Amino acid sequence: MPIMTVRDVCYEYIKGKPVLKNVDLDLEQGLVYCIFGPSGCGKTTLLSLMGGLDVPTSGEILFGGKTIKEIGDSEYRRHCVSFVFQNYNLIDYMTPEENVRLTTKENPLKYLTQVGLKRTEARRNVMKLSGGQQQRVAIARALASGAPVILADEPTGNLDEDTADEIIELLKQNARELNRCVVIVSHSNAVAEASDIVLELSHGLLNRVK
Amino acid sequence: MSNIKRALIYIGRQRVRSLILFGIFLVTLLLALLGFSVLNASARVGEELRRSVPGYVSVLRDTKNKGPSVTEKTMNEIRVQSGVAEVNANSSQRLVFPELVLLDDTTDTAPLAKQMTTLYSSTDMEKQVWFMDATFTLARGRMLEESDSGNCMISDVVSFNSGLTLGDTVTGYFRNSAETYDETRPFTWTIVGIYRVQDETANMTNEDYAEVPANTLFITHADIQKIDEADPDAKPGQEFSYRKGLQVYPVEQAQLEEVCRDLKEKFPDYLIETEDGAFEQLSGPFRMMQRLLKVLMTVMLVIFSVILILVTALWVKNRVHEMGIYLSVGYGKKDIILQLLTEMLVIALIAVLIAWPVSAAVSGGIGQSLFRAVAQQSGRTAADFNVQVSAAAVFATIGVAVGITMLATMISALQVLALQPKKILSMMS
């Protein structure tokens with residue numbers, strides 16, 4: 001049974017000019033999905049709809065058989081999905097530990113060491129870490145939330161090739177070991193190759209290519 | 001992570017912003033605490049004045065309509081009226097004092113005119129109008145009591161000019177004509193108190209009263225009665241009357257008008273009026289100061305509120321990215337607003353905790369310099385005004401701080417409520 005279902009979703013910024021046309025998608029746990037497509041094709045829009053940050057013009061998104069409205073926006077974003085952003089989006093005056101603690105009551109070091117951060121790095125100001133380390137903190141925060149679906153918007157966009165590979169491997173590993181569903185929006189072929197299912201968004205239509 | 005913990009982390013890490021906010025709060029609270037303290041001290045002085053210089057209802061003989069005299073009977077009837085706390089009766093006489101060097105108070109060129117002065121009696125000398133409004137103050141000796149027959153109080157100027165001091169005697173006589181007085185009937189008093197005239201211009205227009213206040217001699221009713229009885233001009237069998245009327249004090253000052261109205265109804269043959277001029281005159285500077293302080297504090301609070309609101313609103317605008325992160329990880333707008341409120345309240349609380357002892361330390365000096373001018377006008381010293389930071393002032397200030405904080409947060413919250421998660425996501429991407 002899919003953990004999340006995107007059913008017949010349409011979205012338009014300007015009336016009569018849909019960005020998404022009757023998109024249908026079933027997401028299952030333990031798999032990594034990659035959505036790729038040209039700039040401005042609506043990848044981030046689809047991700048924001050799946051993340052409950054916006055509402056579709058028509059259609060619905062179900063999580064565990066319930067709509068986002070039924071679950072509640074904050075509740076949905078806190079317990080059902082978690083985001084990993086291209087520019088990490090960490091609270092700049094906090095330490096990695098504190099950033100991770102935003103989503104969990106558990107010891108954040110557990111998640112930070114899991115993504116390869118040292119204890120000393122976990123207690124520094126987050127802005128003193130490298131880009132790769134910051135992205136690891138963002139992933140740790142997403143993992144710590146315990147949400148079954150991780151939505152990653154260009155998570156490797158700002159990283160060098162080696163670090164990007166490490167991040168993708170980390171997300172993949174989590175999908176496998178923790179039975180998470182990871183949805184990655186990316187332009188990267190490496191990401192597409194590493195994903196279990198690859199979907200192409202073009203002219204508002206979503207097609208499975210792998 | 002709880003709202004309080006997030007707020008504390010923000011305050012601890014964003015020190016420059018927190019310090020600026022703290023500075024705004026500290027200045028506001030210091031001024032508010034000082035303002036409240038001075039206002040309280042001023043109000044306290046007002047209450048003290050109200051107690052020490054109470055208003056009263058004056059009951060006088062209606063000479064114009066040849067009304068009845070104010071007698072012992074009148075006093076006893078009025079004393080038992082509802083709302084009346086006490087009654088002070090006053091009388092006067094005039095005699096020639098040949099050995100006294102009086103201040104020149106008359107244009108009368110008759111030989112004895114400059115030796116005549118007024119003798120004044122009062123049931124309770126402490127409540128005598130001029131002593132009560134501090135026109136006269138006791139300089140040496142003691143106040144005259146009802147049992148002090150044969151004793152008197154004299155002014156320091158006249159006693160000095162006449163070479164007299166406490167324990168000496170003064171003698172007065174009836175005036176027979178412009179040049180002679182009746183030496184066969186002397187009235188002698190021993191000086192037991194010497195008073196000082198604080199206001200030389202007081203009661204200059206009172207007909208029965210010595211034109212120069214310092215020429216007045218205070219004696220007892222019993223002695224006035226003796227003079228009346230010996231007066232060659234007095235009608236035989238005439239009852240002793242209180243020529244200067246009665247001062248009627250109400251139980252509650254707020255009842256002054258009501259007591260006056262009741263007495264007018266029950267004693268229509270007398271001239272009955274309220275007398276609150278002394279209090280009005282003495283409390284005037286304080287009331288003016290209180291009004292000024294209230295205006296200043298209101299203006300100050302409005303200015304600081306506007307500054308705080310603008311600063312907070314600007315900083316909230318700069319924190320949209322942070323708020324977007326909170327929204328994306330599942331915090332609600334309510335959590336964000338509560339965090340803002342907590343940050344402000346924690347900083348305000350720290351400012352209160354510092355402003356309290358600081359204002360307590362400086363309030364005395366500031367209060368004294370503020371009160372110096374008005375103190376002089378009321379015949380007091382600035383030291384009489386004990387400006388203290390009371391618990392009430394602290395609570396009032398905390399109330400003000402919480403009010404301003406809530407207002408600033410609510411206005412900033414409008415920006416938070418307007419946040420669109422999608423827009424933030426776009427911005428963050």
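The structure presented is a predicted model; accordingly, all values stated were derived computationally and were not measured.
For chain B, no part of A:E154 is nearby; none of its heavy atoms comes within less than 4.5 Å. With a 4.5 Å cut-off on non-hydrogen atoms, B:R319 touches chain A through its side chain but not through its backbone. Both the backbone and the side chain of B:E322 come within contact range of chain A, with heavy atoms under 4.5 Å apart.
Shown are A:L53, A:D153, A:L49, A:I35; of these, the side-chain contact (heavy atoms from CB on, under 4.5 Å) with A:T44 is made only by A:D153.
The backbone N or O of A:L171 sits nowhere less than 3.5 Å from a side-chain atom of A:N174 that would complete a donor-acceptor pair.
The CG atom of A:L31 lies 5.0 Å from the CD1 atom of A:I197; values are rounded to the nearest 0.5 Å.
A parallel orientation is assigned to the rings of A:F83 and A:F85, their planes being inclined by less than 30° (bins at 30° and 60°).
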